[in-house]
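Numbers here are sequence positions counted from 1.
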Amino acid sequence: MNIRQQLDQKITQALQQAGAPASSTAIVKASTRPEFGEYQANGIMAAARQLKINPHELAARVLAQLELTDMADKVEVAGPGFLNIHLSNDWLAAQLTPPAPTPPAPARQQTIVIDYSAPNLAKEMHVGHLRSTIIGDAMARVLEYLGQRVIRQNHVGDWGTQFGMLLAYMADLKAQGLEVSMQLSDLESFYRQAKQHFDTDPAFADRARAQVVKLQGGDTECLQLWREFIEISLAHCQTLYDRLGVTLTRTDVMPESAYNDDLPAVVSDLQRQGLLAENQGAQCAFMDEFRAKDGSITPFIVQKSDGGYLYATTDLAAVRYRARQLAADRVLYVVDMRQSLHFRQLFTLARKAGFADERLSLEHMAFGTMLGEDGRPFKTRAGGAVKLAELLDEAEERALALVNAKSPELPASERHEIARRIGIGAVKYADLSKNRNSDYVFSWDSMLSFEGNTAPYLQYAYARIRSIFRRAQDDGGSRPAAGAAILLQEPAERTLAVKLLQFDEVIDSVAIDGLPNQLCLYLYELAGSFMRFYEACPILKAGVDSAARTSRLQLAAITADTLKTGLGLLGIEVMERM
C-alpha cells in the first residue's frame with residue numbers, strides 16, 4: 001500500500017468516526033506547495049455539506065480522532081476544512097528502500113488482456129504502428145510489475161480480401177520459378193507490385209478474387225501459400241519488436257484468422273437474440289445508444305451483404321473468447337482514437353449479447369496521431385508512410401553523431417551501443433512522455449536533447465549517479481550496504497526522499513489510468529530533485545562526515561535504482577556511462 005493509500009485509509013476511518021456518512025472518503029492528494037506539507041486531505045468539505053455543518057468544525061473533529069503520530073510530525077486544519085499532513089523525517093527515512101524487483105502480490109490477482117500493436121501483415125510496419133506498440137508494451141510491463149496476470153494479444157490482420165491479391169501474385173511468381181521468400185524480403189515493394197497487377201490486369205484481379213474464395217473455403221494449396229506469406233511477415237514484425245525492446249513474441253500473436261470458425265456462430269447468436277436487422281442485405285445492429293438528434297442510428301455492421309465478415313465480427317468473437325476462455329477481468333485495447341465509435345459500439349453490443357458481463361472491464365485506451373513538425377500526420381517527403389525500420393535507423397545514426405561529439409574517447413563498440421540505447425529510447429520516450437489522448441509533434445531535435453523531459457536526459461541522470469559510485473570507489477569507498485542509516489537533515493534531502501516514496505503511487509496510477517506519461521513526468525521530476533540535492537548536499541567532498549556521506553550515498557543509490565526501474569517499465573535501457 002503506497003503512502004497516499006495509507007493516509008487515505010486512516011483519514012477516511014477518522015472521518016467516519018467523526019460522524020460523517022459511511023460513503024465519505026478522505027480524498028488524499030499530494031500538496032501543491034511544501035508549506036502545506038506533503039499531502040492534503042480534501043474530502044471533509046463534501047462530508048460537511050452532507051451533514052450540513054461547518055467544514056472547519058468537522059475537520060477539527062476528524063483531527064481529534066486521527067492517529068498519525070507514527071507517520072506525521074504535524075497535521076493541521078487549513079482553509080475551509082483541508083487537512084495538511086507534514087510527514088516525519090524519521091518515518092520517511094525508515095520507508096526508503098530501492099524499488100522491489102516485484103512488489104508484493106496483490107490481494108486478488110487480475111487477468112488482464114492487452115490488445116496492442118496489431119499490424120496488418122500485408123505490409124511492413126510503419127510509424128502508424130509505433131504508438132500502439134510502445135504504449136501497450138509499457139502497460140504490460142507496469143501491470144506485470146504489480147503482480148497482475150497479463151496476457152498480451154497481438155491481433156494482427158492476416159485475413160481478408162487483400163490477401164487474395166497477394167496470394168495470386170505469390171502463385172504467379174512460383175509458376176515462373178522465382179524464389180518467393182527473396183521477393184518478400186521487401187514487403188512494401190511486394191505489396192505495391194501485387195496491387196499494380198490487380199489494378200491493371202483484369203485476369204489477375206479475377207484470380208485474386210478466386211484466391212479469396214479458396215482461402216476462406218480452406219483450400220490446401222491456397223492455405224500453404226498464405227502460411228508462407230504470414231510466416232515471413234511475422235518474422236519482419238518480430239525483428240522490429242526485438243529491436244524496439246518490446247516484449248511481444250510469436251506466442252502472443254492471436255490473429256484475426258484465429259476467430260474465423262466462430263464468426264458464423266457470432267452472427268447466429270446475435271440474430272437469435274434479435275440484436276441484428278437486415279439493411280440493404282447486410283446484417284446490422286441498430287442500438288438506441290447511438291441514435292442521433294435527427295433520430296437516425298449509426299449502424300454497427302456485423303456481416304456484409306455478400307456474406308463476408310468484417311473487423312466488427314472478428315472483434316466480437318475476440319471479446320467472447322477473452323471473456324470465456326481467458327476469464328479476463330480487464331481487456332485493454334490500445335488502438336487509435338479514430339476507432340472510438342467502433343469500440344463504443346463493440347462494447348455495447350458485446351454486453352447486450354452476453355458476450356461480456358459487467359464484471360469484465362472493456363477499455364479503449366485511445367491515442368492520438370504522430371504529427372510532423374508541419375503539424376500534419378508524419379510522412380516521408382514523398383508523402384508516404386515512414387517505415388518503422390527506417391525511422392529507427394535514423395534515430396541510431398543521429399544518436400551516434402551526438403555520442404561521437406560528446407565522448408570520442410570511448411571505444412567505438414561502446415559508442416555504438418550507447419547510441420543504440422539513446423536512439424531507441426528517445427523515440428519511445430518522446431511518445432510515452434505525451435498524454436496518449438493527444439496528438440504530438442515528432443521532432444528529432446527535441447527528443448534527442450540532453451535537456452528537458454527526454455530519454456537522453458534521464459539516461460544521463462542515471463549515468464551521472466553511477467559515476468558518483470565509481471569515484472567513491474576510487475576514494476576507497478563503496479556503495480553503502482542496503483539498510484544503511486539515512487539522515488534527512490537538509491531540505492533537499494527531505495524533498496528527494498518524499499519524491500522517491502511517491503514511485504509506488506505513480507505506478508498504481510498508471511496501472512489504473514493507462515497513462516505512461518505520468519511515469520515519465522515522475523522520473524523527470526525525480527531526476528530534477530536529485531540534481532538539486534546533489535548541488536545542496538555534498539557527498540564526496542572533504543569535510544563531509546561519514547554518517548552524512550553514507551546517508552547521501554544511500555539516497556543516490558535508491559535514486560539510481562528507481563530511475564532504472566522506472567525507465568525499464570517504459571522499455572528504455574540505461575547505461576553506466578555516457
Side-chain angles (χ1 to χ4, degrees), residues 98-103 112 114 116-117 129-146 148 150 152 240-248 332 334 365 367-368 370 388 391-392 395-396 399 418 420-438 440 442 446-450 452-463 465 499-500 502-528 530 559-575 578:
T102 53
I112 303 175
I114 309 182
Y116 69 105
S117 193
H129 301 116
L130 183 64
R131 298 206 76 181
S132 175
T133 302
I134 62 178
I135 294 169
D137 203 59
M139 287 303 302
R141 290 169 182 267
V142 165
L143 289 164
E144 281 184 331
Y145 178 78
L146 292 177
Q148 306 298 357
V150 173
R152 295 163 174 79
L240 283 169
Y241 292 145
D242 293 344
R243 189 173 177 188
L244 273 169
V246 166
T247 55
L248 283 171
L332 313 182
V334 188
M365 293 196 162
F367 55 84
M370 179 195 293
L388 190 49
L391 181 83
L392 300 182
E396 292 188 31
I418 291 171
R420 183 190 68 78
R421 296 188 186 197
I422 289 177
I424 300 298
V427 168
K428 296 173 77 172
Y429 192 90
D431 189 310
L432 293 170
S433 61
K434 310 301 188 299
N435 187 311
R436 62 171 167 78
N437 292 300
S438 305
Y440 83 97
F442 185 94
S446 296
M447 71 174 58
L448 287 167
S449 174
F450 281 82
N453 189 10
T454 67
Y457 170 76
L458 293 175
Q459 290 167 320
Y460 177 70
Y462 173 81
I465 298 173
K499 182 57 70 175
L500 285 166
Q502 289 173 344
F503 178 73
D504 290 343
E505 295 176 29
V506 173
I507 296 302
D508 288 340
S509 181
V510 172
I512 294 167
D513 301 331
L515 296 172
N517 64 295
Q518 295 173 339
L519 176 55
C520 295
L521 179 60
Y522 166 82
L523 295 172
Y524 175 59
E525 291 176 345
L526 174 62
F530 180 82
T559 302
D561 289 341
T562 305
L563 285 172
K564 183 177 182 179
T565 300
L567 287 169
L569 293 176
L570 297 171
I572 294 171
E573 297 176 275
V574 294
M575 36 278 193
M578 290 174 66

Under a 4.5 Å cut-off applied to non-hydrogen side-chain atoms, are [X] and [Y] in contact?
X      : Y      : answer
Lys434 : Met370 : no
Tyr116 : Arg152 : yes
Ile572 : Gln459 : yes
Met447 : Phe442 : yes
Leu130 : Val427 : yes
Ile422 : Met575 : yes
Thr565 : Tyr145 : yes
Leu569 : Val510 : no

Roughly how far apart are [X] [atom1] and [Y] [atom2], rounded to 0.5 Å?
X      : Y      : atom1 : atom2 : value
Glu396 : Leu391 : CD    : CG    : 10.5 Å
Met365 : Ile135 : CE    : CD1   : 10.0 Å
Asp508 : Asp513 : CG    : CG    : 10.5 Å
Leu432 : Leu570 : CG    : CG    : 5.5 Å
Ile112 : Glu144 : CD1   : CD    : 10.0 Å
Asn517 : Asn435 : CG    : CG    : 5.0 Å

For [X] versus [Y], what's the shortest heavy-atom pair and its separation?
X      : Y      : result
Thr454 : Ser449 : OG1-O, 2.6 Å
Tyr457 : Ala527 : CE2-CB, 3.8 Å
Leu519 : Val506 : CA-CG1, 3.7 Å
Leu563 : Leu523 : CD2-O, 3.9 Å
Ala426 : Leu448 : CB-CD2, 3.7 Å
Leu248 : Ser117 : CD1-CB, 3.7 Å

[X] side-chain N/O to [Y] backbone N/O, donor-acceptor pair under 3.5 Å:
X      : Y      : answer
Tyr440 : Ala430 : no
Asp561 : Pro99  : no
Arg421 : Val574 : yes
Arg436 : Gly514 : yes

- Take atom NZ in Lys499; do more than 12 heavy atoms of anything else shown fall under 6.0 Å from it?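 Check passes, neighbour count above 12.
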
- Query: Above 12 or not: heavy atoms from other molecules or residues under 6.0 Å from OH of Tyr241?
  - Reply: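 Result for OH/Tyr241: enclosed.
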
- Item | Worked check of side-chain contact (heavy atoms from CB on, under 4.5 Å) between Leu240 and Thr133 | CA-CA 11 Å; Leu240 283 169; Thr133 302; over 6 Å; no

- Message: Parallel, tilted or perpendicular, judged at 30° and 60°: which one describes the rings of Tyr522 and Phe503?
- Response: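 Because their plane-to-plane angle lies in the 30° to 60° range, the rings of Tyr522 and Phe503 count as tilted.
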
- Begin from the C-alpha positions of Asp137 and Leu244 and carry the test side-chain contact (heavy atoms from CB on, under 4.5 Å) through to its verdict. CA-CA 10 Å; Asp137 203 59; Leu244 273 169; over 6 Å; no

- Less than 4.0 Å between a side-chain N and a carboxylate O, is that true for Lys428 and Glu573?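 Result for this pair is no, no salt bridge flagged.
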
